[in-house]
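See below for the structure under consideration.
In each ligand, atom 1 is the first atom listed, and ligand 1 is the first ligand listed.
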Amino acid sequence: MPNNEEILAGARALDARDQLASFRSEFYLHENVVYLDGNSLGLLSKPSEDSLYSVIEQWKTLAIDGWQEGMYPWYDLSEKLGARVAELIGASPQEVIVTGSTTINLHQILSSFYHPTDKRNVILADELTFPSDLYAISSHLSLHGQNPGTYMRLASSRSEHLLEEDDIVEAMADDVALIVLPSVLYRSGQLLDIPRLTRAAHDRGILIAWDLCHSLGAVPHALSEWGVDFAFWCHYKYLNSGPGGVAGLYVNERHLGSSPGIAGWFSSDKSTQFDMTPSLRHATDAGAFQVGTPHVLSVAPLIGSLNLFEEARMERIREKSLQLTNYLMSLIDSELASYGFTVINPREAPRRGGHVALTHPEAVRIAKALKAAKVIPDFRAPNIIRLAPVALYTSFEDVAIAVLRLKSVMESKEYEKFANQRDIIA
Ligand SMILES: *Cc1c(COP(=O)(O)O)cnc(C)c1O
């Protein structure tokens with residue numbers, strides 16, 4: 001078995017061959033800390049800091065004229081950035097708008113495209129999905145006067161952590177109107193087969209919306225090619241747009257032109273918005289699904305972040321991400337085998353996203369001890385530790401250091417010093 005020095009030397013050799021290694025210096029990393037929580041909040045990059053300050057400067061120097069002048073005129077910034085995000089996910093520019101939050105964008109999709117009839121009125125989701133999506137669906141059904149217990153159906157999991165595509169297809173019954181699924185499950189990191197499930201839905205006359213929170217910026221997408229109906233996501237995880245950064249919404253072009261269910265003056269056709277007519281003439285691109293004035297300061301960091309993604313390119317990011325997670329899993333197998341961890345994410349590359357998920361009966365205390373040892377993981381109840389090495393700023397050496405520190409936490413039983421109680425945010 002290689003000793004620690006040999007492991008670290010091996011990791012540095014991988015870094016020396018890494019084509020994306022130079023992007024690391026564009027981020028604010030913390031001295032001697034290995035940050036593996038970019039799937040919850042991505043780190044600040046220098047280009048994002050610069051674009052945020054540029055927008056502040058614009059406000060300072062141009063005031064009201066900033067809507068139309070300066071480096072990033074705010075009036076159509078949401079459309080312009082939507083077109084750039086479209087590139088990342090294989091969509092056409094008019095199909096994407098940067099707006100709202102993940103949960104609000106799901107509400108917008110439901111209010112615009114869920115039209116229950118006597119025959120089709122069920123919304124299908126799954127029992128492992130992010131709870132906010134279920135709360136949104138339930139509350140939306142309640143607004144329609146429909147009992148969520150009856151009209152929201154959840155595809156179930158055979159194991160605790162993974163879904164079988166066959167089971168989801170099986171749940172696509174004749175009464176299902178709309179399906180809402182995550183591309184990557186937030187706990188286990190499983191990547192669902194988006195093209196297959198989209199085809200299966202369409203074969204049965206069902207619309208399908210995808211929550212891309214855990215895949216955007218980690219996994220390439222071809223939404224147009226796959227014919228996906230709708231998608232929504234946040235930019236503050238793998239896209240590093242900052243806490244609460246403005247989110248995104250995709251509406252396939254065959255659905256463009258329909259009225260937004262939740263409307264406001266920013267749903268307007270841009271050229272007539274300032275006519276201020278009492279009745280809305282909504283845009284015919286995805287911009288129609290905006291509501292009010294864009295949150296310009298919360299969108300500004302995304303500008304710089306997109307510069308980095310365009311330069312790095314999604315295929316290269318995915319390739320390195322898979323190398324990082326493969327390497328992480330191989331070290332977990334070789335170094336931590338005797339400590340009772342279970343890797344719960346699928347092992348096959350096409351079935352996983354950007355993070356590795358471990359379970360352990362002492363997960364809470366181990367996560368705390370790891371943080372004290374300057375490795376930042378993320379804990380998800382009841383017993384899951386998520387580790388996300390991020391292609392643009394995590395090195396192979398970081399991964400090796402993280403595993404060696406975790407090994408030392410286990411060997412020394414350092415974790416026993418911590419309370420077996422989770423923090424409010426974890
Ligand atoms: C992070 C995340 C969300 C968060 O939604 P917000 O509206 O930004 O709070 C929703 N869904 C999934 C799958 C997520 O991972």
Side-chain angles (χ1 to χ4, degrees), residues 36-43 78 85 89 97-111 123-140 152 154-155 157 161-163 168 178-192 194 197 208-219 221 223 228 230-250 262 289-292 294-295 298-299 301-302 305 321 344-345 352-357 377-381 384-388 390 424-426:
L36 297 178
D37 207 2
N39 58 339
S40 201
L41 179 69
L43 292 180
S78 313
V85 176
I89 55 176
I97 188 77
V98 168
T99 190
S101 67
T102 307
T103 311
I104 288 295
N105 292 347
L106 173 55
H107 276 290
Q108 179 64 291
I109 290 167
L110 296 172
S111 72
I123 299 178
L124 174 66
D126 71 87
E127 65 175 2
L128 301 182
T129 203
F130 197 84
S132 196
D133 294 16
L134 300 181
Y135 305 160
I137 295 168
S138 300
S139 68
H140 189 79
M152 180 170 79
L154 302 181
S157 161
H161 305 295
L162 304 178
L163 295 169
I168 301 174
L178 178 73
I179 302 172
V180 180
L181 290 172
S183 49
V184 170
L185 273 65
Y186 77 104
R187 277 185 293 207
S188 67
Q190 178 187 5
L191 171 61
L192 290 175
I194 304 175
L197 292 168
I208 189 161
W210 289 95
D211 179 337
L212 308 182
C213 277
H214 275 277
S215 59
L216 191 90
V219 177
H221 303 74
L223 297 189
V228 163
F230 318 108
F232 56 102
W233 57 85
C234 61
H235 292 118
Y236 54 73
K237 291 172 179 161
Y238 290 99
L239 230 68
N240 314 312
S241 75
V246 178
L249 175 61
Y250 161 89
I262 298 172
F289 302 96
Q290 299 175 90
V291 183
H295 304 173
S298 294
V299 91
L302 180 62
S305 183
S321 164
I344 60 162
N345 53 275
R352 59 194 171 81
H355 72 265
V356 168
D378 153 315
F379 169 78
R380 283 293 173 263
I384 299 173
I385 296 172
R386 302 188 303 183
L387 303 171
V390 173
I424 291 177
I425 297 185

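Remark: ligand 1 atoms within the under-4.0 Å shell around heavy atoms of C213 are 2 (C), 3 (C), 10 (C), 11 (N), 12 (C), 13 (C), 14 (C), 15 (O). Within the listing of ligand 1, atoms 10 (C), 11 (N) sit less than 4.0 angstrom from a heavy atom of D133. Interface of H214 with ligand 1, defined as ligand atoms under 4.0 Å from a residue heavy atom, comprises 15 (O).
Using a 4.5 Å cut-off on side-chain heavy atoms (C-beta onward), H235 and V85 make contact. Side-chain contact between L191 and V219 is present, with at least one heavy-atom pair separated by less than 4.5 Å. Counting only heavy atoms from C-beta outward, the side chains of D126 and I168 never approach each other to under 4.5 Å.
Distance from atom 7 (O) of ligand 1 to its nearest protein heavy atom, with residue and atom name: T103 OG1, 2.6 Å. Closest to atom 11 (N) of ligand 1 among all protein heavy atoms lies D211 OD2, 2.8 Å. The nearest protein atom to atom 15 (O) of ligand 1, hydrogens excluded, is given as K237 NZ, 2.5 Å; this is a heavy-atom distance. In terms of protein heavy-atom proximity, atom 5 (O) of ligand 1 is closest to T102 CB, 3.3 Å.
A donor-acceptor pair under 3.5 Å is absent between the side-chain atoms of R380 and the main chain of Y186, judged by distance alone.
Side-chain contact, S132 with T103: a donor N or O sits under 3.5 Å from an acceptor N or O.
Ring geometry for H107 versus H140: interplanar angle of 30 to 60°, hence tilted.
Contact detail for S183 and S215: the closest heavy-atom pair is OG-OG, 2.6 Å.
Atom 9 (O) of ligand 1 has its nearest heavy-atom neighbour, among F130, W210, Y236, in Y236.
In terms of polar-atom proximity, defined here as any N/O pair under 3.5 Å, S132 makes no such contact with ligand 1.
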